[in-house]
2 protein chains.
Amino acid sequence: MDKDKIDKKDHILDVAERVFSELGFDGASTRTISGEAGVNMAMLNYYFGSKEGLFLAVFKRKIISFQDLLKNIGSDGTTTAWNKIEKYIELYTQRVVTNNCFQKLLYQELSMQRRGELSDQITDILMRNVSEVAKILQDGIKSGEFNKNIDVELVIATIYGTKNFIVNSPQLTSKVLGYDIQNEKLLEEKFKPRIQAYLKTLLRSYLMNEHDNTTK
Amino acid sequence: MDKDKIDKKDHILDVAERVFSELGFDGASTRTISGEAGVNMAMLNYYFGSKEGLFLAVFKRKIISFQDLLKNIGSDGTTTAWNKIEKYIELYTQRVVTNNCFQKLLYQELSMQRRGELSDQITDILMRNVSEVAKILQDGIKSGEFNKNIDVELVIATIYGTKNFIVNSPQLTSKVLGYDIQNEKLLEEKFKPRIQAYLKTLLRSYLMNEHDNTTK
DNA sequence: TTGCATCAATCAATCGATTGATTAATTTTG
DNA sequence: CAAAATTAATCAATCGATTGATTGATGCAA
């Protein structure tokens with residue numbers, strides 16, 4: 001049945017996403033992926049053409065959900081810039097919790113500039129996210145809600161970077177934080193509220209308190 | 001002569017550092033490294049035991065000098081905690097500018113948890129850096145210099161994460177910042193002063209301004 | 001319905017290439 | 001000479017990919 005075929009492809013993509021996330025593109029062999037997915041090696045090439053084709057398929061499937069989520073952010077005209085930032089932090093951290101394997105894979109791949117076409121696609125999509133946040137910040141400056149001297153671009157680097165550091169080096173951060181970042185339950189119950197509260201306090205301090213930031 | 005041997009080893013390490021940085025651990029074959037270094041393949045194993053040993057040697061050479069510098073900052077009893085943080089930011093960003101290829105490699109490797117022993121060793125060494133900063137922060141809290149509600153561990157994640165985000169996804173951040181992060185001259189002249197000023201302002205706001213951070 | 005053809009799906013087996021590592025022979029050095 | 005350094009050649013292992021054979025389901029003709 002056609003449904004079975006789609007389910008199987010989807011299952012392979014699920015497994016591939018996890019294995020790629022854990023081992024990277026090079027480290028994840030087609031044998032490992034097919035083995036863990038419970039399918040014959042040849043099926044990967046049969047369905048996706050090549051290892052790289054499989055990798056791209058994993059990404060494209062996710063990319064679609066990216067773009068849908070994007071539309072709900074920043075378009076609300078009835079609230080303050082700070083409320084938008086808070087809302088964004090909440091949405092963003094939630095997505096990290098539920099997709100942290102993929103998030104890791106995403107920035108892993110982005111940091112290896114090999115496979116140029118793919119890197120360009122990822123960059124373009126992430127740029128839309130970035131532009132959205134930048135717009136919120138700039139609106140907040142214009143309205144006087146935020147300090148006029150803030151470094152918009154580096155604030156964005158802090159939001160994404162703080163999260164990435166934790167997600168992409170779980171071995172290190174688990175040691176630093178004192179609990180296992182890779183445990184889903186702990187991630188949801190302990191990490192999520194903590195980083196949400198932290199990012200809100202950190203950004204409110206920087207964006208809304210008085211300080212001189214003459215150099216830029 | 002003994003000096004020649006050390007020089008040759010050092011030359012291999014130089015080349016290996018560059019090739020690893022460009023291609024990652026997996027992508028860099030021992031043949032490529034030995035070829036570009038102009039030595040026989042077997043010399044890598046002769047000197048460093050294995051590919052992993054070579055990688056570790058590259059890593060250790062880089063990290064040791066930095067750790068000495070860091071310890072000197074932390075142990076200075078004549079200055080404030082904030083001055084130590086400022087000093088650390090300066091030292092750290094300088095390090096990133098002159099070693100950004102290696103910095104990228106470092107966190108690339110850390111984000112792949114494969115090669116357990118290697119990851120563990122990297123984690124241990126980085127933990128020493130982290131602990132040093134944590135100690136400065138905690139001392140600042142005790143002395144009343146910093147807000148008592150700050151999230152020490154996540155502040156560290158912000159310092160390292162902000163930098164990593166920029167260094168590890170240069171394609172994206174170059175677009176965001178408007179200039180090429182991979183250009184050494186621009187990195188030194190534009191990026192370094194900018195991120196130094198930003199991190200100082202950001203952290204001073206969070207660490208020293210009044211704010212409630214009840215949730216943690 | 002029966003018999004035949006078609007086609008996607010799946011499999012074990014194997015391909016050539018490349019990997020990191022090792023050997024044994026050779027050269028250099030002290 | 002003896003030890004250390006260096007080499008070419010080769011090792012077994014693994015990689016991604018491809019092959020030809022087989023399966024089972026489907027459609028169609030008689």
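Chain identifiers are assigned alphabetically (A, B, ...) following the order of the sequence lines, protein sequences preceding nucleic acid strands; residue numbering begins at 1 within each chain.
Only one option out of A:Val130, A:Asp124, A:Leu126 pairs with B:Lys175 in a side-chain contact (heavy atoms from CB on, under 4.5 Å); it is A:Asp124.
To the nearest 0.5 Å, atom CD1 of residue B:Ile181 and atom CD of residue B:Gln171 are 13.0 Å apart. Residue A:Glu22 holds its CD atom at 10.5 Å from CD of A:Gln108, rounded to the nearest 0.5 Å.
The listed nucleotides are C:dG20, D:dA5, D:dA17; the one nearest the side chain of A:Lys51 is D:dA17. For A:Asn45, the listed nucleotide lying nearest its side chain is D:dT18; candidates were D:dT6, D:dT18, C:dT19. For B:Met43, taking side-chain heavy atoms from C-beta onward, the closest of the listed nucleotides C:dT10, D:dA5, D:dT19 is D:dA5. For A:Ala42, taking side-chain heavy atoms from C-beta onward, the closest of the listed nucleotides D:dA17, D:dA5, D:dT18 is D:dT18. Across D:dT18, D:dA8, C:dA21, the shortest atom-to-atom separation from the side chain of B:Met41 is found for C:dA21. Picking from C:dG20, D:dG16, C:dA21 the nucleotide with the shortest atom distance to the side chain of A:Arg31 gives D:dG16.
Near DNA chain C, defined here as any heavy-atom distance below 4.0 Å, there are no residues from residues 13-20 of chain A.
In this structure, the CZ atom of A:Phe48 is 15 Å from the P atom of D:dG16, given to the nearest Å. The nearest whole Å value for the distance from the OH atom in B:Tyr47 to the P atom in D:dA4 is 13 Å. B:Asn40 has its CG atom 16 Å from the P atom of C:dT26, to the nearest Å. Here D:dC15 presents its C1' atom at 13 Å from CG of A:Leu44, a figure rounded to the nearest Å. Here C:dA21 presents its C1' atom at 13 Å from CD of B:Glu52, a figure rounded to the nearest Å. Protein atom CG of B:Asp7 is 15 Å distant from nucleotide atom C1' of D:dA5, rounded to whole Å. Per the geometry, CZ belonging to B:Phe55 stands 18 Å off P belonging to C:dT19, to the nearest Å.
A sub-4.0 Å separation between OP1 or OP2 of C:dT10 and a side-chain N or O of A:Lys8 is present. Within the 4.0 Å cut-off from OP1 or OP2 of C:dG20, at least one side-chain nitrogen or oxygen of B:Thr30 is found. Contact check, B:Tyr46 against D:dA5: a side-chain N or O comes under 4.0 Å of OP1 or OP2.
Listed for the B:Thr162 side chain is no donor-acceptor partner under 3.5 Å among the backbone atoms of B:Ile159. Here the side chain of B:Lys87 pairs no donor or acceptor atom with the backbone of B:Trp82 at under 3.5 angstrom. With hydrogens and angles disregarded, no donor-acceptor distance shorter than 3.5 Å links the side chain of B:Tyr206 to the backbone of B:Thr201.
Under the side chain to side chain contact (heavy atoms under 4.5 Å, CB included) criterion, B:Glu184 pairs with no residue at all, not counting sequence neighbours.
Axis angle across the helix from C:dT1-D:dA30 to C:dG30-D:dC1, with five pairs used at each end and values rounded to 10°: 10°.
Under a cutoff of 6.0 Å and an axis angle of 45°, B:Lys9 and B:Phe48 form a cation-pi pair. For the pair B:Lys163 and B:Tyr92, the NZ or CZ position fails the cation-pi test of under 6.0 Å to the six-membered ring centre and within 45 degrees of the ring normal.
Using modelled atom types and a 3.5 Å distance limit, the side chains of A:Tyr107 and B:Ser111 yield no donor-acceptor pair.
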